[in-house]
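Numbers here simply count residues along the sequence, with the first being 1.
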Amino acid sequence: MAPLEIDIRGRAGSFEIAVRFAAGPGVTALFGRSGAGKSTILKMIAGTAHLDKGRIAAGTRVFFDSEAGINLPPRARGIGFVFQEGRLFPHLSVRRNLTYARWAGRRAGSRRLDEVVELLGLDAHLDRYPRTLSGGERQRVAIGRALLADPQILLMDEPLSSLDRERRAEILPYLEAVANETRIPVLYVSHDTDEVARLADRVVAIENGRVRAIGSAAEILGHPSNADEEGFTILEGRVIAVDANYGTAAVQIGDGSIELSAVNLVPGNSVRLRIDAADVAIATLPQEGLSIRNQLRCEVIAVERKGNSTEVALTFGDERLLARITAKSADELQLATGMNVVALIKAVSVERARLLS
């Protein structure tokens with residue numbers, strides 16, 4: 001399918017939306033703080049919120065065009081929508097919920113039920129009812145129902161926001177499978193950096209109803225304005241070696257490499273890594289006799305005191321890395337812009353955010 005092209009303006013109460021971006025196959029995340037307008041944008045694309053003007057199209061298929069007088073109703077747009085809560089039919093079994101669009105909407109779908117059931121791990125739940133499912137299981141059913149409606153576009157509005165941390169961890173691998181195997185445009189709304197880092201092929205940063213920036217997850221999430229209180233770095237690289245005996249992998253990042261604890265990786269895989277700033281230590285010289293596996297030669301590009309801690313922005317080659325250390329350590333090391341240092345990172349602290357290929 002051709003990329004989804006979005007160029008729209010509209011209002012939700014007194015709040016104005018004016019955005020322009022494209023969403024190709026794979027996951028495009030609309031990322032920003034709560035209240036930025038992300039969910040409203042999804043509703044405008046789906047046709048359930050009013051648009052003043054603009055155009056929404058995928059190739060020759062036009063969903064909305066104010067100048068041409070085109071405004072397809074939601075049912076005619078071929079869009080699947082997954083909400084913050086599953087909104088399943090409580091009186092229907094999982095099987096009947098999954099196939100609702102086919103038997104109630106009489107839609108002929110190209111996806112097979114057994115394929116979607118296997119993808120989302122629902123084979124043991126087909127005869128159960130929503131009230132007997134966990135929150136994560138209900139969301140998996142909601143995603144399956146949307147896929148079995150055979151959508152040309154899939155919209156997901158913070159599908160994990162109502163789940164606790166344990167349930168989020170349960171469902172993320174299934175969302176990752178959908179991201180990797182469903183090659184239709186998926187627009188995923190979230191303000192959670194972990195979700196976006198793990199799922200997104202590209203990120204559209206939304207602020208006050210406008211597009212602030214568009215780029216890769218590493219580019220957008222790595223920007224200081226998007227860091228959470230602890231800070232983090234997103235890096236992308238390729239696996240160059242795997243040690244099956246120890247369950248580790250070496251990932252080429254620019255001119256350097258990072259070792260991490262990992263399974264199910266093979267040389268040649270492209271991966272996205274997340275490193276929390278608090279897991280990065282700094283030394284002025286290379287160290288010997290340490291259990292820390294990663295020692296990266298870096299240059300200090302910024303030092304910022306934040307209360308009793310100090311954030312240190314580093315570069316190694318063309319890559320950036322953020323460290324958070326105590327203010328006392330920063331002063332004792334006499335860290336300053338332009339200084340050459342060594343970043344120390346434990347292999348077990350590097351999180352593989354997503355397998356890209």
Side-chain angles (χ1 to χ4, degrees), residues 1-59 61-68 70-72 77 79-84 152-161 179 184-228 232 234 236 272 320 353-354:
M1 180 178 177
L4 180 66
E5 302 284 346
I6 298 143
D7 184 2
I8 54 175
R9 297 180 69 94
R11 284 188 172 275
S14 60
F15 191 74
E16 184 180 23
I17 297 289
V19 295
R20 181 179 182 180
F21 63 92
V27 178
T28 298
L30 303 188
F31 175 74
R33 300 181 186 278
S34 295
K38 307 181 300 297
S39 297
T40 301
I41 293 169
L42 284 199
K43 292 174 184 176
M44 289 176 170
I45 294 169
T48 59
H50 175 72
L51 275 172
D52 293 328
K53 61 180 179 179
R55 193 171 191 269
I56 304 171
R61 182 167 169 76
V62 179
F63 305 98
F64 177 84
D65 190 321
S66 56
E67 292 188 1
I70 298 171
N71 186 11
L72 296 184
R77 297 194 180 197
I79 292 175
F81 209 125
V82 180
F83 299 91
Q84 294 179 12
Q152 295 180 314
I153 301 157
L154 183 60
L155 309 181
M156 306 184 79
D157 186 9
E158 301 204 60
L160 306 187
S161 63
I184 60 174
V186 179
L187 270 66
Y188 188 96
V189 161
S190 181
H191 61 269
D192 187 282
T193 58
D194 289 329
E195 291 176 31
V196 174
R198 185 157 179 174
L199 299 173
D201 295 293
R202 67 201 65 82
V203 180
V204 180
I206 303 295
E207 186 174 295
N208 297 323
R210 304 291 195 276
V211 174
R212 181 175 60 77
I214 300 175
S216 68
E219 291 169 336
I220 302 300
L221 299 183
H223 192 278
S225 65
N226 293 322
D228 57 24
F232 56 88
I234 302 293
E236 294 182 357
R272 181 178 298 148
R320 294 171 64 94
R354 182 173 172 197

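Atom CD1 of Ile153 sits about 7.5 Å away from atom CD1 of Ile6, to the nearest 0.5 Å. Rounding to the nearest 0.5 Å places CE of Met156 at 11.0 Å from OG of Ser190. Here the CZ-CD1 distance, from Phe63 to Ile79, works out to 5.5 Å after rounding to the nearest 0.5 Å. The CD1 atom of Ile234 lies 12.0 Å from the CD1 atom of Ile220; values are rounded to the nearest 0.5 Å.
Residues meeting the salt bridge (Lys or Arg N to Asp or Glu O under 4.0 Å) test with Arg198, sequence neighbours left out: Glu176. With sequence neighbours excluded, no residue forms a salt bridge (Lys or Arg N to Asp or Glu O under 4.0 Å) with Glu158. For Asp157, the side-chain contact (heavy atoms from CB on, under 4.5 Å) partners are Ser39, Leu42, Phe81, Gln84, Val189, not counting sequence neighbours. Every residue two or more places apart in sequence or in another chain was checked for a side-chain hydrogen bond (donor to acceptor under 3.5 Å, both in side chains) with Asn208, and none qualifies.
Shortest non-hydrogen contact noted between Phe31 and Val196 is CD1-CG2, 3.7 Å. Nearest heavy-atom pair, Leu221 versus Phe232, reported as atom, atom and distance to 0.1 Å: O-CE1, 2.9 Å. Scanning both residues, Tyr188 and Glu195, for their nearest heavy atoms gives OH-OE1, 2.7 Å. The shortest heavy-atom contact between Arg61 and Leu72 is NH2-CD1, 4.4 Å.
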Just do the side chain to side chain contact (heavy atoms under 4.5 Å, CB included) check on Ile8 and Val19 with the steps written out, would you? CA-CA 6 Å; Ile8 54 175; Val19 295; 3.7 Å; yes
Let me see the working for Arg33 and His191 under side chain to side chain contact (heavy atoms under 4.5 Å, CB included), right down to the final yes or no. CA-CA 6 Å; Arg33 300 181 186 278; His191 61 269; 5.7 Å; no
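The side-chain hydrogen bond (donor to acceptor under 3.5 Å, both in side chains) contacts involving residues 3-15 comprise Arg9-Glu16, where partners must be two or more places apart or lie in separate chains. Pairs passing the side-chain hydrogen bond (donor to acceptor under 3.5 Å, both in side chains) check and including a residue from residues 40-51, sequence neighbours excluded, read His50-Asp52.
Within a 6.0 Å sphere centred on CZ of Arg20, other residues, nucleotides and ligands contribute 12 heavy atoms or fewer.
Of the residues listed (Asn71, Leu51, Asp65, Val62), the one engaging Ile56 in a side chain to side chain contact (heavy atoms under 4.5 Å, CB included) is Leu51, and it is the only one.
The shortest distance between side-chain heavy atoms of Leu187 and Ile41 does not fall below 4.5 Å.
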Would you be so kind as to tabulate the donor-acceptor pairs closer than 3.5 Å made by side chains of residues 199-206, with sequence neighbours excluded?
residue	atom	partner	partner atom	Å
Asp201	OD1	Arg354	NH1	3.4
Asp201	OD2	Val27	N	2.7
Arg202	NH1	Thr28	OG1	2.6
Arg202	NH2	Pro25	O	3.2

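Between the side chain of Arg77 and the backbone N or O of Ile45 there is at least one donor-acceptor pair closer than 3.5 Å.
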